[in-house]
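This report concerns only the one structure given below.
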Amino acid sequence: MKVVSRRNFLSAAGTFAGLSLLPLAGCSKSSGEVVRIGFMLPYTGTYAKLGVAIENGFKLALNSLGEKPFGKTFEFFTVDDESNPAKATDNANKIMTRDNVDVVIGTVHSGVAMGMVKVAKETGTLVIIPNAGANAATGSACLPNVFRTSFSNWQPTHPLGRVMVQNGHKKSVFVTWKYGAGEETLASFREGYENAGGELVKELFVPFPNVEFQAILTEIASLKPDAVACFFAGGGAVKFVKDYAAAGLQGKIPLYGSGFLTEGVLEAQGASAEGIMTTLHYSDALQNPQNISFRESYESVFGEPADVYAVQGFDAGLLLIQALQATDGDLSQKDVAIKAMEGATIDSPRGRWKMSKSHNPIQDFYLRKVENGENKVIGTAWDALEDPGTGCSL
Ligand code: PHB
């Protein structure tokens with residue numbers, strides 16, 4: 001990837017982003033001079049930072065195309081989905097039908113993503129999911145026009161149980177938000193943990209996006225499990241990790257999780273994150289050339305370190321570039337675009353990955369540990385893990 005300077009990026013981004021502000025109702029799609037790209041992401045609420053990192057990463061990838069790629073102008077449209085599933089259908093309709101985009105990049109929250117998939121089924125709009133892990137999106141509800149560059153909720157915690165048993169933690173408690181992503185993450189953890197000989201003694205929930213953890217921390221202290229595993233992300237992950245330490249549990253009952261627990265939030269968590277072990281398809285510390293150059297570019301352009309969400313957005317951009325190259329920038333050739341994305345191999349900062357038949361990354365999972373404010377890689381948790389894509393017949 002070409003390393004961009006802050007100045008270069010901003011001038012190129014101006015070409016892209018400035019046009020997104022124009023009222024464009026009634027314009028036709030990309031068969032003309034314009035490629036219309038929609039972002040349906042959370043820009044407010046507990047996942048706001050995740051949405052911004054995804055959009056940044058995506059634009060960084062497109063920036064490598066230089067000015068006016070394929071002779072087209074790129075226009076951007078944005079909807080703040082607030083991570084609110086109740087508004088998902090309306091928001092998806094706004095961006096897919098009213099804004100009439102060629103492709104939507106979205107979203108973070110599993111429940112919102114399922115609303116998008118429903119609308120994408122009706123409209124046929126190309127969708128690239130840059131985070132939300134809802135298993136059904138690339139499983140029972142899979143569609144030819146929906147791709148994912150992140151993970152399925154089944155993936156990150158599939159290796160975690162085995163790791164914990166190997167570390168001698170035979171009895172554990174799982175804590176999460178009560179919504180699709182939390183429940184699917186837990187189900188996958190339970191399967192792997194029990195198969196490895198572990199016993200899940202308690203499942204504890206808080207409603208999404210609540211961050212009142214006192215009651216469950218008191219319960220954990222009295223249950224005294226060998227370890228705790230969890231799924232939290234964004235603002236909720238900051239609060240949970242700080243509260244866990246403040247309750248005196250840090251270092252006493254080891255804390256594990258899917259790696260989102262410590263992504264993009266380590267600075268805010270400070271010393272309370274030290275020692276947390278997680279499984280994820282990325283680590284800041286990966287030493288491959290793509291990651292080194294990506295992290296340098298990202299930080300110099302956006303002024304903060306990249307995280308897994310930035311990588312997933314970046315890879316959504318790399319995936320779309322393959323579709324743009326195959327169609328010479330004309331995404332109205334949907335079949336050609338889909339075929340290109342189906343055959344994609346992505347040279348990602350996370351390591352090289354391939355698209356599965358059900359449109360989800362086949363990728364390596366790393367075991368990470370927070371040391372001195374960084375997610376250090378301490379091993380491989382699972383090589384080339386492929387979601388089973390249950391119920392998908394693409
Ligand atoms: C999800 O809702 O699917 C989700 C949200 C945030 C994450 C991971 C998964 O970090």
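Throughout, residue positions are numbered sequentially from 1 according to the sequence presented. Counting convention: from 1, in listed order, for ligands and their atoms alike.
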Can you list the ligand 1 atoms lying under 4.0 Å from a non-hydrogen atom of [X]?
X	value
His109	2 (O)
Ala132	3 (O)
Gly133	3 (O)
Ala233	6 (C), 7 (C), 10 (O)

Practice item. Considering heavy atoms of the protein only, find what lies nearest to atom 10 (O) of ligand 1 and give residue, atom and distance to 0.1 Å. Key: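 Protein heavy atom with the smallest distance to atom 10 (O) of ligand 1: Tyr309 OH, 2.8 Å.
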query = Can you tell me which residue and heavy atom of the protein come closest to atom 2 (O) of ligand 1, and the distance to 0.1 Å?
reply =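 It is Tyr179 OH, 2.5 Å.
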Margin query: Ignoring hydrogens and geometry beyond distance, is a side-chain donor-acceptor pair present between Asp387 and Gln155 at under 3.5 Å?
Written below: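 Result is no, nothing qualifies.
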*Under 3.5 Å, is there a donor-acceptor pair between the Gln312 and Asp315 side chains?*
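Asp315 and Gln312 do not have a side-chain donor-acceptor pair below 3.5 Å.
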Counting only heavy atoms closer than 4.0 Å, does ligand 1 sit against the backbone of Trp177, its side chain, both, or neither?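 It is neither part, as no heavy atom is under 4.0 Å.
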- Query: Using a heavy-atom cut-off of under 4.0 Å, does the side chain or the backbone of Ser110 touch ligand 1, or both, or neither?
  - Reply: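 The part of Ser110 near ligand 1 is both the backbone and the side chain.
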Answer with yes or no after comparing the ring centroid distance for [X] and [Y] against a 6.0 Å cut-off, counting only values under it.
X	Y	result
Phe39	Phe58	yes
Phe174	Tyr256	no
Phe232	Phe213	yes

Taking the side chain as every heavy atom from C-beta outward, state whether Arg148 and Ile128 have any pair of such atoms under 4.5 Å apart.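 A side-chain contact under 4.5 Å is absent here.
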>> When you measure from the side chain of Tyr366 to the backbone of Arg350, do you find a donor-acceptor pair of N or O atoms at a distance under 3.5 Å?
In response: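 A pair under 3.5 Å: yes.
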Check your understanding: Given Val308, Asn131, Asp307, which has its nearest heavy atom closest to atom 6 (C) of ligand 1?
Key ->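 That would be Asn131.
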